[in-house]
Amino acid sequence: MRKASLIHFARQLQVIKSSSSHPRSFSSSPSSNKLFVAGLSWSVDEKSLKEAFSSFGEVSEVRIMYDKDSGRSRGFGFVNFSREDEATSAKDAMDGKAFLGRPLKVSFALDKVYREPVTTRHSNMGTTFTRSR
DNA sequence: GTTGAGCGTT
């Protein structure tokens with residue numbers, strides 16, 4: 001068994017466990033406090049997005065992806081809430097709603113949170129080869 | 001001065 005496979009499998013298990021540990025509050029979707037927000041206007045920054053989502057709960061983190069070259073917004077970002085019900089209500093309220101002229105597309109974010117660095121170790125005689133992705 | 005579905009950095 002490879003290490004990367006174990007990590008992937010553990011992440012899958014965590015999603016299933018978080019879903020099955022709350023049988024009653026299961027709203028037919030992998031609930032999370034992280035929201036994926038797309039359909040943003042090009043001129044939307046993090047502060048305006050946070051101001052828009054702060055009315056639904058306590059926003060802990062807001063990140064908008066900007067282009068490395070031009071520095072302009074790529075039109076999507078992420079909003080972190082302190083509670084899952086806040087994120088759920090915010091998604092339910094803001095999804096499909098217009099924001100600065102464009103219809104917003106809000107959904108739960110995927111757990112692309114930790115990307116393991118590409119550690120290519122040339123040990124002696126190929127002792128340890130750690131390839132990720 | 002542009003574009004328009006999507007799942008991101010340490």
Side-chain angles (χ1 to χ4, degrees):
Chain A
M1 188 73 78
R2 216 170 288 256
K3 183 183 293 182
S5 304
L6 279 178
I7 295 179
H8 188 74
F9 181 72
R11 192 200 288 163
Q12 303 268 94
L13 263 185
Q14 198 164 5
V15 173
I16 298 179
K17 209 169 64 175
S18 63
S19 300
S20 57
S21 54
H22 298 287
R24 280 181 286 174
S25 59
F26 188 71
S27 48
S28 70
S29 62
S31 179
S32 172
N33 54 319
K34 286 188 271 285
L35 288 184
F36 168 72
V37 184
L40 293 172
S41 179
W42 312 112
S43 53
V44 174
D45 53 348
E46 296 177 347
K47 61 169 174 56
S48 55
L49 191 63
K50 180 178 180 179
E51 289 297 325
F53 279 84
S54 294
S55 54
F56 301 99
E58 183 178 330
V59 178
S60 57
E61 181 72 37
V62 173
R63 258 206 294 267
I64 293 184
M65 307 320 294
Y66 294 97
D67 189 77
K68 290 200 300 281
D69 307 316
S70 60
R72 284 175 291 184
S73 172
R74 293 173 64 180
F76 70 96
F78 299 90
V79 177
N80 284 70
F81 280 91
S82 302
R83 287 167 52 102
E84 294 189 2
D85 58 291
E86 293 174 343
T88 307
S89 57
K91 165 185 162 299
D92 186 67
M94 294 296 289
D95 190 22
K97 295 298 183 60
F99 185 68
L100 267 59
R102 298 299 294 199
L104 234 54
K105 288 176 295 186
V106 185
S107 57
F108 289 105
L110 312 172
D111 11 348
K112 293 284 187 63
V113 175
Y114 176 66
R115 187 163 301 200
E116 197 168 314
V118 186
T119 51
T120 309
R121 308 195 181 279
H122 345 222
S123 307
N124 298 345
M125 294 303 175
T127 306
T128 308
F129 274 103
T130 311
R131 283 290 303 272
S132 300
R133 285 182 59 202

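Because only heavy atoms are used, hydrogens play no part in the values below, and waters and symmetry mates are left out as well, while side chains stay in. By convention in this document, chain letters (A, B, ...) are assigned in the order of the sequence lines, proteins followed by strands, and residues within each chain are numbered from 1. Everything quoted here is computed from the prediction, not taken from an experiment.
- Near-neighbour residues of DNA chain B inside residues 69-76 of chain A, defined by a heavy atom below 4.0 Å, number-ordered: A/R72, A/R74, A/G75, A/F76.
- Mapped onto DNA chain B by nearest heavy atom, A/K105 and A/R63 fall at different nucleotides, with A/K105 at the one closer to the 5' end.
- Here A/L49 contributes atom CG and A/I64 contributes atom CD1; the two are 5.0 Å apart, rounded to the nearest 0.5 Å.
- As judged by a 4.0 angstrom heavy-atom cut-off over every strand, A/G77 is placed among residues making no nucleic acid contact.
- No donor-acceptor distance shorter than 3.5 angstrom exists from the side chain of A/S54 to the backbone of A/V59, with no hydrogens or angles considered.
- A straight line from OH of A/Y66 to C1' of B/dT10 spans 17 Å, rounded to a whole angstrom.
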Legend entry - Test log, rule side chain to side chain donor-acceptor pair (under 3.5 Å), inputs A/D85 and A/T88: CA-CA 5 Å; A/D85 58 291; A/T88 307; over 6 Å; no

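- Under a 3.5 Å cut-off, the side chain of A/N33 and the backbone N or O of A/F81 do form a donor-acceptor pair.
- Considering every non-hydrogen atom in both A/G96 and A/P103, the closest pair reads O-CB, 4.4 Å.
- Listed nucleotides: B/dG6, B/dT9, B/dG4. Nearest to the side chain of A/F36: B/dG6.
- Taking atom CG of residue A/N33 and atom C1' of nucleotide B/dG8, one finds them 15 Å apart after rounding to whole Å.
- Using a 4.0 Å heavy-atom distance criterion, A/L40 is classed as a base contact.
- When each of A/S41 and A/N80 is assigned the nucleotide of DNA chain B bearing its nearest heavy atom, the one mapping closer to the 5' terminus is A/S41.
- In this structure, NZ of A/K34 is placed 22 Å from P of B/dG6, rounded to the nearest angstrom.
- The line from CD of A/E61 to CZ of A/F78 is 11.5 Å long, rounded to the nearest 0.5 Å.
- Spacing between atom CZ of A/R102 and atom P of B/dG4 amounts to 9 Å, rounded to whole angstrom units.
- Side chain of A/W42, nearest nucleotide from B/dC7, B/dT3, B/dG8: B/dT3.
- The closest side-chain donor-acceptor pair between A/S89 and A/D92, if any, does not fall under 3.5 angstrom.
- Between the C1' atom of B/dG6 and the CG atom of A/D67 lies a distance of 14 Å, rounded to the nearest Å.
- Rounded to a whole Å, the CZ atom of A/F78 is 8 Å from the P atom of B/dT9.
- The side chain of A/A38 lies closest to B/dG6, out of B/dG6, B/dG8, B/dG4.
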